[in-house]
Chemist: 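What follows is a structure written as structure tokens; I'll ask about it next.
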Amino acid sequence: MTSKPRVRFAPSPTGFLHMGSARTFIFNWLYARHHGGTMILRLDDTDVGRNTQASVDSIFEGLKWLNLGWDEEYKQSERLDLHRKIAWSIFEKGLAYRDFTPAHTGDAEKSGAQGTWLFNPGAREVSSAESDRRAAAGEPFALRFRVPREAGQSVRFNDAVYGEQIKAANDIEDFALLRSDGMPTYHLASCADDTDLKISHIIRGQDHLSNTFKHVLIFEAAGGAPPQFAHLPLLVAPDGTKLSKRRHGPVVSVTTYRDAGFLPAAFINFLCLLGWSPKDDRENMSLQELTDAFSLEGINRSNAVVNFKEPAATPEDRFDPKAVWLNAEHIRALPIEELSARLLPIVQSAGFKITPEKMLRITPLIRERIKLLRDVLTAADFFFAEKLAAYDSAELIPQKGDMAMALKVLSLARDVLANVEFKHDPLDQSLRAAAAELGVKAGQMFQPIRVAVCGRKNAPPLFETLEVLGRETVLERVERAARLISQ
RNA sequence: GGCGCUGUCAUCUAACGGUUAGGAUACCGCCCUCUCAAGGCGGGUAUACGGGUUCGAUUCCCGUCAGCGCUACCA
């Protein structure tokens with residue numbers, strides 16, 4: 001290929017942005033960026049009845065979070081003249097005809113006798129004189145493509161992913177180009193715009209593979225060569241069916257991942273691994289690495305299961321484990337400053353008062369302990385809370401120890417902590433020395449202190465934690481723990 | 001019903017017809033260690049089934065089965 005590719009993502013605003021659409025957007029974007037081409041966003045909004053502003057908002061909201069951007073933007077509803085012009089040019093060539101049959105309601109004909117489903121019998125045979133007369137009389141009609149019916153005719157194209165595709169023309173119905181209200185159908189509008197916008201590659205879901213034969217017919221009738229097609233294997237739910245919010249709930253919506261604390265780069269990384277592979281063993285990849293590695297050849301042909309659980313026991317449990325793992329990997333790869341800046345608003349909007357400076361000191365202590373950004377609320381709660389949440393005094397008992405040992409440890413710890421310099425090394429040395437003095441193991445010394453200051457047994461490393469918490473808070477919490485035992 | 005696409009561990013995937021069928025996640029175990037993580041090491045699980053072609057099929061062909069998609073004046 002000599003010229004730069006022009007690709008498009010063309011969602012129809014009839015629902016929220018789900019993962020499958022997001023992946024299609026990403027693959028188009030990667031292809032464009034990899035080849036230095038142009039990424040186009042086009043709203044395929046010709047179905048006036050089903051389009052909603054809420055859906056448009058949802059799509060932009062999702063795409064904005066992905067933060068990839070695009071180069072050109074169009075709206076089909078503003079290009080209707082072009083669509084109609086092309087439809088009528090096809091009619092002028094004798095490749096389309098008026099169908100005065102009233103629109104079918106429902107799918108009652110599906111199981112009808114073979115052959116009749118292809119088109120409305122008789123409609124395409126109406127003479128042009130009669131057709132003109134009825135149209136002039138104001139009778140409503142749909143404009144249908146006249147699919148060639150001569151024996152042996154076939155339509156073919158070469159898909160970059162699925163290879164050579166051939167279909168007998170007799171298996172293609174006379175599909176509509178214009179509805180009886182004059183609005184273009186998806187097939188017509190899409191091809192008309194793809195031609196006009198000089199789209200070079202159509203990268204879209206495999207659910208359009210069968211439709212592509214119709215599109216090839218339109219492209220050729222409109223007098224142009226079809227673009228290169230590349231169909232993507234579908235993303236399916238664990239039950240094997242196509243992703244749907246109605247069936248599978250909000251786990252399939254892009255904004256759910258955003259709100260749960262996924263990093264856009266991790267989410268993108270995860271989506272790329274569904275149906276595409278760099279062919280080496282890499283999985284954890286940055287956007288740049290993905291861009292460099294992306295190619296149509298790496299796309300495979302079988303549907304991929306997004307392994308989510310809905311409903312799930314825990315918030316993180318509902319997502320595909322690999323997505324969560326990748327997110328944790330991306331979190332750990334982030335510079336502390338950036339991670340801290342992303343954590344701060346989450347903590348603040350949960351109602352805690354915290355300064356950016358303090359957050360920056362806490363972040364290194366938890367970044368290997370959170371998988372989703374929102375985990376900061378449970379992993380670092382004791383740093384934010386004015387008053388520690390209540391805990392069972394039994395938690396203070398060290399391994400192989402008893403309540404008396406806990407009290408002994410806490411009493412001495414209070415004295416030590418009242419005087420030691422609040423830095424990692426002095427804390428380490430003096431607390432270990434205190435353990436030796438009491439004749440307990442280091443772990444038995446640390447555990448009661450940890451529970452006293454964190455309110456639980458599992459927490460970040462002790463000395464760093466004490467350092468960030470500061471003497472005043474630590475002493476207060478240690479004394480409170482001692483009192484809890486004494487009562 | 002018709003047409004089409006697809007079928008490798010639980011899941012995502014790798015393997016110019018010749019590999020002990022590889023990697024990752026998840027799970028389990030060990031190590032490290034002040035707890036939890038992170039990290040290191042190790043473990044089990046797969047070519048849907050049946051026929052061909054071939055010296056040799058995960059790989060090519062046919063059939064069966066299964067899943068999915070399309071079959072609208074939806075996209």
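Basis for what follows: all heavy atoms, side chains included, without hydrogens, waters or symmetry-related copies. Order of the sequence lines sets the chain letters (A, B, ...), proteins ahead of strands, with each chain counted from 1.
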Chemist: Give me the distance, rounded to whole Å, that separates B:G44 from B:C30 when you measure between the C1' atoms they each carry.
Modeler: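 The answer is 16 Å between these two C1' atoms.
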
Chemist: Hey, are the side chains of A:R450 and A:L462 touching, using non-hydrogen atoms and a 4.5 Å cut-off?
Modeler: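 A:R450 vs A:L462: side chains touch.
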
Chemist: Taking B:A72 as the reference, what is the distance to B:G2 when you measure between their P atoms (whole Å, please)?
Modeler: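 16 Å, rounded to whole Å.
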
Chemist: Between A:N300 and B:U13, does any side-chain N or O lie under 4.0 Å from OP1 or OP2?
Modeler: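 Answer is yes, contact under 4.0 Å.
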
Chemist: Could you pick out which residue, A:V305 or A:G443, lies toward the 5' side of RNA chain B when each is mapped onto its nearest nucleotide?
Modeler: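 That would be A:V305.
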
Chemist: Quick one: A:K167 NZ to B:G69 P, roughly how many Å, whole number?
Modeler: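 Between P of B:G69 and NZ of A:K167: 15 Å.
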
Chemist: How far does the P atom of B:G4 sit from the matching atom of B:G40, given to the nearest Å?
Modeler: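 My reading of the P atoms in B:G4 and B:G40 gives 49 Å.
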
Chemist: For a quick test of reading the model: is some side-chain N or O of A:K214 closer than 4.0 Å to OP1 or OP2 of B:G4?
Modeler: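 It does not, given that no N or O in the side chain of A:K214 lies less than 4.0 Å from OP1 or OP2 of B:G4.
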
Chemist: Give the intermediate values and the outcome of side chain to side chain donor-acceptor pair (under 3.5 Å) for residues A:S131 and A:R98.
Modeler: CA-CA 7 Å; A:S131 175; A:R98 299 188 186 94; 2.6 Å; yes

Chemist: Taking the same atom, P, in B:U25 and in B:C32, what whole-Å distance lies between them?
Modeler: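 These two P atoms come out 22 Å apart once rounded.
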
Chemist: Okay, side chain of A:S190, backbone of A:H187: is any donor-acceptor separation there less than 3.5 Å?
Modeler: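 Here the side-chain-to-backbone pair does not exist.
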
Chemist: So, is A:R282 close to the B:A24 phosphate, meaning a side-chain N or O under 4.0 Å from OP1 or OP2?
Modeler: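 No, outside the criterion.
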
Chemist: In whole Å, measure the gap between the P atoms of B:A48 and B:U13 for me.
Modeler: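 So the two P atoms sit 15 Å from each other.
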
Chemist: Go through B:G69, B:C73, B:C12 for me and flag the one nearest to the A:L273 side chain.
Modeler: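 When the side chain of A:L273 is considered, B:C12 is the closest of B:G69, B:C73, B:C12.
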
Chemist: Nearest to the side chain of A:Q447 - B:U25, B:G69, B:U35?
Modeler: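 Nearest to the side-chain atoms of A:Q447, counting from C-beta on, is B:U35.
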
Chemist: I want to verify a distance call: between B:G4, B:C12, B:A15, whose nearest atom is closest to the A:K279 side chain?
Modeler: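 Of B:G4, B:C12, B:A15, B:A15 is nearest to the side chain of A:K279.
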
Chemist: Could you check whether A:R79 pairs with A:D196 (Lys NZ or Arg NE/NH1/NH2 to Asp/Glu carboxylate O, under 4.0 Å)?
Modeler: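 Counted as a salt bridge, because a side-chain N and a carboxylate O are separated by less than 4.0 Å.
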
Chemist: Taking the minimum atom-to-atom distance to the side chain of A:R369, which one of B:C68, B:A37, B:U13 wins?
Modeler: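 Of the candidates, B:A37 comes closest.
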
Chemist: Checking base pairs now: Watson-Crick or wobble, both atom distances under 3.5 Å. What partners B:C30?
Modeler: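 Matched B:C30 with B:G40 under the 3.5 Å cut-off.
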
Chemist: A:L232 CG to B:U13 P: how many Å, rounded?
Modeler: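 These atoms are roughly 11 Å apart.
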
Chemist: So if I take every side-chain heavy atom of A:K322 and compare against B:G4, B:C68, B:C12, which nucleotide ends up nearest?
Modeler: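 Nearest listed nucleotide: B:C12.
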
Chemist: Could you tell me how far apart A:F175 (CZ) and B:C73 (P) are, to the nearest whole angstrom?
Modeler: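 Distance check: A:F175 CZ to B:C73 P gives 11 Å.
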
Chemist: Categorize A:Q76 for me: base, sugar-phosphate, or nothing, with a 4.0 angstrom heavy-atom threshold over every strand shown.
Modeler: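 No contact.
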
Chemist: For a quick check of understanding: with a heavy-atom distance under 4.0 Å over all strands, which category does A:S277 fall into, base, sugar-phosphate or nothing?
Modeler: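 Sugar-phosphate, no base atom in range.
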
Chemist: Closer than 4.0 angstrom, basic N to acidic O: yes or no for A:R456 and A:E395?
Modeler: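 A:E395 and A:R456: not salt-bridged.
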
Chemist: Say we look at B:G56 and B:A14: how far apart would their P atoms be, to the nearest angstrom?
Modeler: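 Nearest-Å result for B:G56 against B:A14 at atom P: 28 Å.
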
Chemist: Among B:A14, B:U35, B:C70, find the nucleotide with the atom closest to the side chain of A:N211.
Modeler: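 For the A:N211 side chain, the nearest candidate turns out to be B:C70.
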
Chemist: If you only use heavy atoms from C-beta on, which nucleotide in B:C3, B:C34, B:U71 is closest to the side chain of A:P461?
Modeler: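 Closest of the options to the side chain of A:P461: B:C34.
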
Chemist: Would you confirm whether A:E289, through its side chain, and A:S286, through its main-chain N or O, come within 3.5 Å as a donor-acceptor pair?
Modeler: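 Here the side-chain-to-backbone pair exists.
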
Chemist: Out of B:U25, B:G69, B:U35, which has the shortest distance to the side chain of A:S210?
Modeler: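 The answer is B:G69.
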
Chemist: A:R301 side chain: which of B:U6, B:C3, B:C70 is closest?
Modeler: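 Selected nucleotide (nearest to the side chain): B:U6.
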
Chemist: Pick the P atom in B:U64 and in B:C3, then give their distance to the nearest Å.
Modeler: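 After rounding to an integer number of Å, I get 12 Å for this pair.
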
Chemist: Considering every strand shown, what is the Watson-Crick or G-U wobble mate of B:U19 when both distances are under 3.5 Å?
Modeler: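 The answer is none; no pair meets the criterion.
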
Chemist: Check whether A:F27 forms a cation-pi arrangement with A:R23 (NZ or CZ under 6.0 Å from the six-membered ring centre, at most 45° off the ring normal).
Modeler: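 Flagged: A:R23 positioned over aromatic ring of A:F27.
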
Chemist: According to the Watson-Crick and G-U wobble definitions, with both distances under 3.5 Å, which nucleotide is paired to B:U47?
Modeler: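 Matched B:U47 with nothing under the 3.5 Å cut-off.
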
Chemist: Quick check for you: among B:U11, B:G22, B:A75, whose closest atom lies nearest to any side-chain atom of A:D320?
Modeler: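 For A:D320, the side-chain atoms sit closest to B:U11.
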
Chemist: Using a cut-off of less than 4.0 Å, is there contact between a side-chain N or O of A:R50 and OP1 or OP2 of B:A75?
Modeler: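 False: A:R50 side-chain N/O out of range (4.0 Å or more) of B:A75 OP1/OP2.
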
Chemist: Strictly by Watson-Crick or wobble contacts shorter than 3.5 Å, is anything paired with B:U53, and which nucleotide is it?
Modeler: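 Pairing partner, where one exists within any strand: none, as none qualifies.
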
Chemist: Which nucleotide, in any strand shown, forms a Watson-Crick or G-U wobble pair with B:A72, with both distances under 3.5 Å?
Modeler: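 Its partner is none (no Watson-Crick or G-U wobble pair with both distances under 3.5 Å).
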
Chemist: Under 4.0 Å, counting only non-hydrogen atoms across every strand here, what does A:F463 touch: a base, just sugar-phosphate, or nothing?
Modeler: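 Result for A:F463 = base.
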
Chemist: Between the side chain of A:R42 and the main-chain N/O of A:P11, is any donor-acceptor distance below 3.5 Å?
Modeler: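 No, A:R42 side chain to A:P11 backbone: no donor-acceptor pair under 3.5 Å.
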
Chemist: Take the protein atom CG of A:N458 and the nucleotide atom C1' of B:U35, then report the distance between them rounded to whole Å.
Modeler: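 It works out to 6 Å between those atoms.
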
Chemist: Look at the side-chain N and O atoms of A:T46 and state whether any lies under 4.0 Å from the OP1 or OP2 oxygen of B:A75.
Modeler: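 Indeed, a polar side-chain atom of A:T46 lies that close.
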
Chemist: My understanding is that a pair needs two contacts under 3.5 Å, Watson-Crick or G-U wobble. By that rule, which nucleotide pairs with B:G67?
Modeler: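 Across any shown strand, B:G67 pairs with B:C5.
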
Chemist: For nucleotides B:G42 and B:G51, find the distance between their P atoms and express it as a whole number of Å.
Modeler: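 Their P atoms lie roughly 39 Å apart.
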
